[in-house]
Amino acid sequence: QVQLVESGGGLVQAGGSLRLSCAASGRTFSSYAMGWFRQAPGKEREFVAGISWSDGSTYYADSVKGRFTISRDNAKNTVYLQMNSLKPEDTAVYYCAAGSIVVVTSDLGMYEYWGQGTQVTVSS
């Protein structure tokens, strides 16, 4: 059974940093893409960043480019999202997702597995 477990969320002041982790288990993810998505109250879930497990290629939403970095640790089957220069508008529940796709996409419908989410709150 595939499990994605996020951790690392919390409350931080604007300008601060957080690192989210997503521990993946239950199958081999070498041919998968991993994504981070977020959903703010009253808004649709949106793509934040993604990484190809096989070659490490990355893709970011324009709103987080230059501030967020996605990475992976193959040995630990874990994907990270380093978030710097956080803004109040980054406040949301952040979800980790896995999809059996070669190329990272922002289309959330292409991701089969989802974690439960972790809350990130940025105060002004």
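Using a 3.5 Å distance cut-off with no hydrogens or angles, the side chains of Ser54 and Ser52 do pair a donor with an acceptor.
Of the possible donor and acceptor atoms, one in the side chain of Asn77 sits under 3.5 Å from a partner among the backbone N and O of Ala24. Looking at Arg27, its side chain never comes within 3.5 Å of a backbone N or O of Val2 through a donor-acceptor pair. Remark: the backbone N or O of Thr118 is not paired with any side-chain donor or acceptor of Glu6 at under 3.5 angstrom. Remark: the backbone N or O of Val122 is paired with a side-chain donor or acceptor of Thr91 at under 3.5 angstrom.
The distance from the OG1 atom of Thr78 to the CG atom of Leu4 is 10.5 Å, given to the nearest 0.5 Å. Going from atom CD of Gln39 over to atom CD of Gln119 covers 11.0 Å, rounded to the nearest 0.5 Å. Summarising the geometry, atom CG belonging to Asp90 is positioned 7.5 Å from atom OG belonging to Ser63; distances are rounded to the nearest 0.5 Å. The CD atom of Gln1 lies 10.0 Å from the OH atom of Tyr113; values are rounded to the nearest 0.5 Å. One finds the OG atom of Ser124 at 14.0 Å from the NZ atom of Lys87 (value rounded to the nearest 0.5 Å).
For Met83 against Val120, the heavy-atom pair with the smallest separation is CE-CG2, 3.9 Å. Summarising the geometry of Arg67 relative to Ser85, their closest heavy-atom pair is NH1-O, 3.0 Å, with the distance given to 0.1 Å. Between Ala49 and Leu81, the shortest heavy-atom distance links the atoms CB-CD1, 4.1 Å. Nearest heavy atom pair, residue Trp53 against residue Arg72, reads O-NE, 2.9 Å. When all heavy atoms of Ser17 and Asn84 are compared, the closest pair comes out as OG-OD1, 2.9 Å. Residue Trp36 comes nearest to Val79 through the heavy atom pair NE1-CG1, 3.7 Å, listed as atom of the first residue, atom of the second, then distance.
The number of heavy atoms from other shown groups lying within 6.0 Å of OH (Tyr80) is above 12. Within a 6.0 Å radius of CD in Gln116, other residues, nucleotides and ligands contribute 12 heavy atoms or fewer.
A heavy-atom distance below 4.5 Å is not found between the side chains of Ser21 and Lys76. When side chains are defined from C-beta on, Thr69 counts as touching Tyr60, because their heavy atoms get closer than 4.5 Å.
When the side chains of ILVMFWY residues are joined at heavy-atom separations under 4.5 Å, either directly or via intervening members, Val93 and Ile70 end up in two distinct hydrophobic clusters. Under the 4.5 Å side-chain heavy-atom criterion for Ile, Leu, Val, Met, Phe, Trp and Tyr, Phe68 and Tyr59 are members of distinct hydrophobic clusters.
Using cut-offs of 30° and 60° for the angle between ring planes, the Trp114 and Tyr95 rings count as perpendicular. Aromatic ring orientation, Phe37 versus Tyr111: perpendicular (interplanar angle above 60°, classes split at 30° and 60°).
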Ser71/Gln82 under side-chain hydrogen bond (donor to acceptor under 3.5 Å, both in side chains): CA gap, chis, key distance, verdict: CA-CA 8 Å; Ser71 62; Gln82 178 66 43; over 6 Å; no
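Look at Lys65 and Asp62 and you find a salt bridge, because one of the NZ, NE, NH1 or NH2 atoms lies within 4.0 Å of a carboxylate O, short of that distance.
Results of the side chain to side chain contact (heavy atoms under 4.5 Å, CB included) test with Phe47 over Val104, Asp107, Leu108 single out Val104 as the only residue that passes.
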